[in-house]
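Below is one structure, written out as structure tokens, with a few remarks after it.
Just the heavy atoms: all of them, side chains too, but no hydrogens, waters or symmetry mates, feed the values below. Quantities reported herein were computed from a predicted structural model and do not represent experimental measurements.
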Amino acid sequence: MDYKVYSTETFNKIFITLDRTEQEWIVKIKRNLEENPTGKILTFSWFREKKYLNKRLYYLVDEENKKILLVGFAPKKEQQKLINFVKANMKEFLNHLRNL
């Protein structure tokens, strides 16, 4: 069974501001994640990233319910800030993902 990919409102706002090549890359990665949710694990097995040039796509994976939530796309410089934010709000993010 394939995974269903969702995104947060914040992610959607970021996405529309990106240049065309970044948007195309994200759409391609989204399709790949639907079939095979790979990526570098960040602290927890459900929190992952994919690298694009100097930026990272951050997402959460719910293996049990076959759902993925895109939460951020930011430069490497902002990586720790974003990781800390997701960790601090992990219960809300995971509940949101499970209830989609």
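With 3.5 Å as the limit, one finds a donor-acceptor pair spanning the side chains of Asn84 and Gln80. For the residue pair Asn36 / Thr38, no side-chain donor-acceptor distance below 3.5 Å is found, with atom types taken as modelled.
Distance check, rounded to the nearest 0.5 Å: CG of Asn89 to CG of Asn95 gives 11.5 Å. The NZ atom of Lys4 lies 10.5 Å from the NZ atom of Lys67; values are rounded to the nearest 0.5 Å. Here the NZ-OH distance, from Lys66 to Tyr3, works out to 4.0 Å after rounding to the nearest 0.5 Å. Annotation: the span from Leu69 atom CG to Leu60 atom CG amounts to 5.0 Å, rounded to 0.5 Å.
Leu33 pairs with exactly one of Val61, Ile68, Asp2 by the side-chain contact (heavy atoms from CB on, under 4.5 Å) rule, that one being Ile68.
Taking hydrophobic clusters as Ile, Leu, Val, Met, Phe, Trp and Tyr residues chained together by side-chain heavy-atom distances below 4.5 Å, Leu97 does not share a cluster with Val5. Linking ILVMFWY side-chain heavy atoms closer than 4.5 Å, directly or via other members, places Leu18 and Tyr6 in two distinct hydrophobic clusters. No chain of hydrophobic side-chain contacts below 4.5 Å, direct or via other Ile, Leu, Val, Met, Phe, Trp or Tyr residues, connects Tyr59 to Leu94.
Ser45 is linked by a side chain to side chain contact (heavy atoms under 4.5 Å, CB included) to nothing, counting only residues two or more places apart in sequence or in another chain. Partners of Ser7 according to the side chain to side chain contact (heavy atoms under 4.5 Å, CB included) rule, which considers only residues two or more places apart in sequence or in another chain, are Phe11, Asn12, Leu70. Partners of Leu42 according to the side chain to side chain contact (heavy atoms under 4.5 Å, CB included) rule, which considers only residues two or more places apart in sequence or in another chain, are Phe47, Glu49, Tyr58, Gln79, Ile83.
Pairing each heavy atom of Ala74 with each of Leu82, the nearest pair is CB-CD1, 4.3 Å.
Looking only at side-chain heavy atoms (C-beta outward), Thr8 and Phe93 come within less than 4.5 Å of each other. Looking only at side-chain heavy atoms (C-beta outward), Phe15 and Val27 come within less than 4.5 Å of each other.
Note on residues 20-32: pairs passing salt bridge (charged side-chain N to carboxylate O under 4.0 Å, His left out), not counting sequence neighbours, are Arg20-Glu24, Glu22-Lys55. Pairs passing the salt bridge (charged side-chain N to carboxylate O under 4.0 Å, His left out) check and including a residue from residues 74-100, sequence neighbours excluded, do not occur.
Summarising the hydrophobic clusters (Ile, Leu, Val, Met, Phe, Trp, Tyr; side-chain heavy atoms under 4.5 Å, direct or chained), the residues clustered with Ile41 are none.
Classified by interplanar angle (parallel below 30°, tilted 30° to 60°, perpendicular above 60°), the ring pair Trp25/Phe73 is tilted.
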> side-chain contact (heavy atoms from CB on, under 4.5 Å) between Thr21 and Tyr52: does it pass, once the steps are laid out?
Replying inline: CA-CA 10 Å; Thr21 57; Tyr52 177 75; 3.7 Å; yes
>> Please determine whether side-chain contact (heavy atoms from CB on, under 4.5 Å) holds for the pair Leu57 and Ile29, giving the CA-CA distance in whole Å, both sets of side-chain angles, and the decisive distance to 0.1 Å.
In response: CA-CA 9 Å; Leu57 173 65; Ile29 292 301; 3.7 Å; yes
